[in-house]
Amino acid sequence: MSEPVTISFAKHGAAPSGVLLVLTDETLGFGKETQKLLKPVLDFVARAMEADRFKGKLGGALDLIAPEGLPVSRLVVLGLGKVAELKSTDYLRLGGIAAGKLPAGTTAAMLVADLPTGKFSPDAAAEIALGARLRSYKFDRYKTRKKDDETDPVALTFTLSVADVASATRAWADRAPVAEGVLMARDLVNEPSNVLDPPEFANRAALLTSVGVEVEVLDDADLSRIGMRALLGVGQGSIKESRVVVMRWNGGLPGTAPVAFIGKGVTFDTGGISIKPAAGMEDMKGDMGGAACVTGLMHALAARKAKVNAVGVIGIVENMPDGAAQRPGDIVTSLSGQTIEIINTDAEGRLVLADVLWYTKDRFKPQFMVDLATLTGAILVALGSDYAGLFSNDDTLSAQLTAAGQATGERVWRMPLGPEYDKLIDSKFADMKNTGGRNAGSITAAQFLQRYVEKTPWAHLDVAGTAMGSPATDINKSWAAGWGVRLLDQLVRDNYEK
Ligand code: BES
Ligand code: MN
Ligand code: ZN
């Protein structure tokens, strides 16, 4: 139902139509191009700013209807705050705010990328475009009726007026695939579990062949031959088959070790025999947010032809409590050979990841592994939804992830690991148990994963608080965030290309 948004660029001087968006700062000044365009209404705009006590603060907006003398239906003045202090993430946010100011049914909008002081970089223009694209996303596939005040969806062309069309277009061409990856991840997370079961998730991942990703789908028979019994144990209480999908993008030098991304893909988590309470259980359709991110990321890397060898491996299962389901007290032998006593069948994500991490490490000998998982409710208690938890055995990788988090606004906060925590998952009957008790729940989960990575540089991102259900932001109004695609794309860009 929601129509695509087309981003386009036009050279300064092009005539606006539809909604015109212009930028000002705390001095309430306008750039040269904006002044030219607003000439017939400059006085009117100045009076409107005054009357509305509009101060040009970052994030503020003044919305004016059909000013006489301009060929547009609306004029929106957006605040930049202090131009000298603007960061990349501010431009991203501005793009989101701009798109949010467009009334339903808008078919054309033009934002004049022009500063009161200094030059507008092509990257800043492309960040605005990215913010506008991400903000315009809606998941309304299953809405068959619209409310009285809703219009039929229309296609929107969002044009940025820039000094140099070629360089802005190039900057956007590098980001458009990342936007697509984020939206792909959001779609996967928003999709209900009766539609997106493990085989269907694998089918969707297999579509990445269209951008040049090699995709391998392993089914129940393959997984049992390989020996992924920890993963299969989680899926055995469901009538749905389990899947592992291996996605490979070879854009780097032949023979260089790949970077590896691993995702938890529990298409629905009832908790299994250790069943969850009913309230809020519907949110567990999003328990595959890690796998969705890895899929979106692999799309982004391939579609923008990143100069890197990358593999994405996702473990996809449904955690259900039928007669064949795994029980507390069961002991399973993981692919690594290590045995696990199941204490709580609701601590299933780590069982899936244990096998997928070991498999990825053994088969690909990657430069590093980063896993993403909606792993613990405890990470929400610790960090809320503003930071993902970062756990790592490698200071360099941690620093790179932290820097990428600052650059993209998808922030991570490093949490401790150590032998004190590790011993909390020792078991009476097996090599380890799958839970470590009430305290430090996110850390003991990470300790469990660490037992499956050996010496490989590794980072685990607990995204239970960030992948879905976070409060709306300027660049996302949807339940699913598509969190991590931009973060990991940035990690690769900054450190692992060529
Ligand atoms: N998928 C959940 C974690 C989760 C909670 C994700 C809230 C998103 C929002 C995970 O499988 C789980 O159930 N974890 C348990 C672990 C416990 C049994 C040790 C938890 O956090 O309670
Ligand atoms: Mn669970
Ligand atoms: Zn789960």
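Start at 1 with the first residue, then count along the sequence. Whatever order the structure lists them in is the order used to number ligands and atoms, beginning at 1.
- In summary, the atoms of ligand 1 found under 4.0 Å from a heavy atom of E348, numbered by their order in the structure, are 11 (O).
- Using a 4.5 Å heavy-atom threshold, the side chains of T408 and T89 count as separate.
- The Zn ion (ligand 3) has an N, O or S atom of E348 under 2.8 Å away, backbone or side chain.
- Shortest contact from atom 2 (C) of ligand 1 to any protein heavy atom: D269 OD2, 3.6 Å.
- Cation-pi contact between K285 and W479: present, with separation from the ring centre below 6.0 Å and deviation from the ring axis of at most 45°.
- Using cut-offs of 30° and 60° for the angle between ring planes, the W458 and H460 rings count as parallel.
- Per residue E348, closest N, O or S atom to the Mn ion (ligand 2): atom name OE1.
- Using a 4.5 Å heavy-atom threshold, the side chains of R486 and V182 count as touching.
- Distances from atom 21 (O) of ligand 1 to the protein include at least one heavy-atom value under 4.0 Å.
- Atom 16 (C) of ligand 1 has as its closest protein heavy atom R350 NH2, 3.9 Å.
- Considering each of T374, N434, V352, N344, the one bringing a non-hydrogen atom nearest atom 18 (C) of ligand 1 is N344.
- At a cut-off of 2.8 Å, K264 coordinates the Zn ion (ligand 3) through an N, O or S atom.
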Test log, rule ring pair (Phe, Tyr, Trp, His ring centres under 6.0 Å), inputs F261 and F368:
CA-CA 8 Å; F261 301 97; F368 68 70; 5.7 Å; yes
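- Nearest protein neighbour of atom 19 (C) of ligand 1, counting heavy atoms only, is T435 CG2, 3.6 Å.
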The test is side-chain hydrogen bond (donor to acceptor under 3.5 Å, both in side chains); show your working for N190 and Y137 and say whether it passes.
CA-CA 12 Å; N190 279 323; Y137 170 87; 3.1 Å; yes
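- Of all protein heavy atoms, the one closest to atom 12 (C) of ligand 1 is D346 O, 3.2 Å.
- Distances from the Mn ion (ligand 2) to the N/O/S atoms of D269 are shortest for OD2.
- Short contacts between ligand 1 and M468, defined as distances under 4.0 Å to a heavy atom of the residue, involve ligand atoms 8 (C).
- Atom 10 (C) of ligand 1 has its closest protein heavy atom at L375 O, 3.3 Å.
- With the Zn ion (ligand 3) as the vertex, OD2 of D287 and OD2 of D269 span 90° to the nearest 10°.
- Annotation: K276 places an N or O atom under 3.5 Å from an N or O atom of ligand 1; distance criterion only.
- With atom 9 (C) of ligand 1 as the reference point, the heavy atom nearest to it among K264, M284, M288 is part of M284.
- The shortest N/O to N/O separation between G377 and ligand 1 falls below 3.5 Å.
- Summarising the geometry, atom NE2 belonging to H299 is positioned 7.5 Å from atom OG belonging to S210; distances are rounded to the nearest 0.5 Å.
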Hey, mind stepping through L208 and M184 against side chain to side chain contact (heavy atoms under 4.5 Å, CB included) and telling me if it holds?
CA-CA 11 Å; L208 294 194; M184 182 180 291; 3.9 Å; yes
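- Here D330 contributes atom CG and T345 contributes atom OG1; the two are 9.5 Å apart, rounded to the nearest 0.5 Å.
- Among the backbone and side-chain atoms of D346, an N, O or S atom lies under 2.8 Å from the Mn ion (ligand 2).
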